[in-house]
Amino acid sequence: MSIKIYGDPGSGSLRRVIAAAAIMGVDVERMNVDLFKGESHTPEFLKLNPHGLTPVLQDGDTVIWEASAINLYLAEKANANLLGRTPSEKLEVLQWMFWSGEQWRIFSTLLFNEWAGATFMGKPKTEAIVQLAMSNIRNAAHVLESHLATRKFIVGDALTLADIDIAAPFSQYKRTGAPFEEFPNLVAWQQRLLETVPAWATTRDEVEKRMVGALSAVS
Ligand SMILES: N[C@@H](CCC(=O)N[C@@H](CS)C(=O)NCC(=O)O)C(=O)O
């Protein structure tokens, strides 16, 4: 039975899973959920994830939501180095993944939601939210900038799930205005991932194509 992954190709969260699965050589069956049509809030989808969010993995009776948890599941299954190579690397990978969820991606998500509300629903941006997100992104990016001054990857000397989780907000930053370009090491690291991890570049293109299509429908 195939592993099903539900999500919309315009989603940076789905991108994390599709890229990781491709890097690990895990075959997945894509199940399209059109977020622009609200398909993650149908009664049927809410049985998979009551939060109405994607991506979701379904592997037989196993259902998992949260992209990081899905990636940990896939990496355990594939026994992949993306989890880190040693016990201490594995803990470091988890540390950065938890940090990414709580202190990093959330602020780019706030910016994305403000942008999407304004772009697709004509809802004015709330300046206080934009400012809160920008200052928190800058604070966190300063730490990443020094961390990456002497490293090619977030943990150890190879790609791990930590890189994928932290790189995800780059999927939408040109639209949301997240100030990543103020941080040259961060930009260089992101560029390196795009150049050396084919699945990271392919999924970037997929997000772009989907977003361009969605934007053309409202312009
Ligand atoms: N923390 C979650 C975030 C999931 C999330 O925000 N998904 C968005 C797409 S990137 C979504 O499905 N949004 C649908 C909605 O809000 O209706 C994860 O990492 O999986």
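Order of appearance sets the numbers: ligands from 1, and atoms from 1 within every ligand.
Counting only N and O atoms by type, the side chains of D59 and Y73 include a donor and acceptor under 3.5 Å apart. Using modelled atom types, one finds no donor on one side chain facing an acceptor on the other under 3.5 Å when comparing R16 with T203.
Selection from R15, R16, E66, R105 by nearest heavy atom to atom 2 (C) of ligand 1 gives E66. Across the listed options T54, I64, I106, T54 owns the non-hydrogen atom lying nearest to atom 5 (C) of ligand 1.
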Identify all side-chain donor-acceptor contacts of residues 91-102 below 3.5 Å with residues at least two apart in sequence or on another chain.
from : atom 1 : to   : atom 2 : distance (Å)
S100 : OG     : R105 : NH1    : 2.9
S100 : OG     : D165 : O      : 3.1

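Using a 4.5 Å cut-off between side-chain heavy atoms of Ile, Leu, Val, Met, Phe, Trp and Tyr, M121 forms no hydrophobic cluster with any other residue.
Ligand 1 is approached by S40 to a heavy-atom distance shorter than 4.0 Å.
D34 and R210 are joined by a salt bridge, as a carboxylate oxygen and a charged side-chain nitrogen come within less than 4.0 angstrom of each other. Look at R138 and E145 and you find no salt bridge, because none of the NZ, NE, NH1 or NH2 atoms lies under 4.0 Å from a carboxylate O.
The protein heavy atom nearest to atom 3 (C) of ligand 1 is S13 OG, 3.8 Å. Nearest non-hydrogen protein atom to atom 13 (N) of ligand 1 is L53 CD2, 3.5 Å.
Outside the 6.0 Å centre-distance limit, the rings of F170 and W104 are not counted as a close aromatic pair.
Every atom of ligand 1 is numbered from 1 in the order shown, and the set under 4.0 Å from a heavy atom of P55 is 20 (O). Of all the atoms in ligand 1, the ones that sit under 4.0 Å from a non-hydrogen atom of A67 are 18 (C), 19 (O), 20 (O). Within the listing of ligand 1, atoms 9 (C), 10 (S) sit less than 4.0 angstrom from a heavy atom of S11. Within the listing of ligand 1, atoms 14 (C), 15 (C), 17 (O) sit less than 4.0 angstrom from a heavy atom of G52. Listed by atom number, the atoms of ligand 1 under 4.0 Å from H41 heavy atoms are 15 (C), 17 (O).
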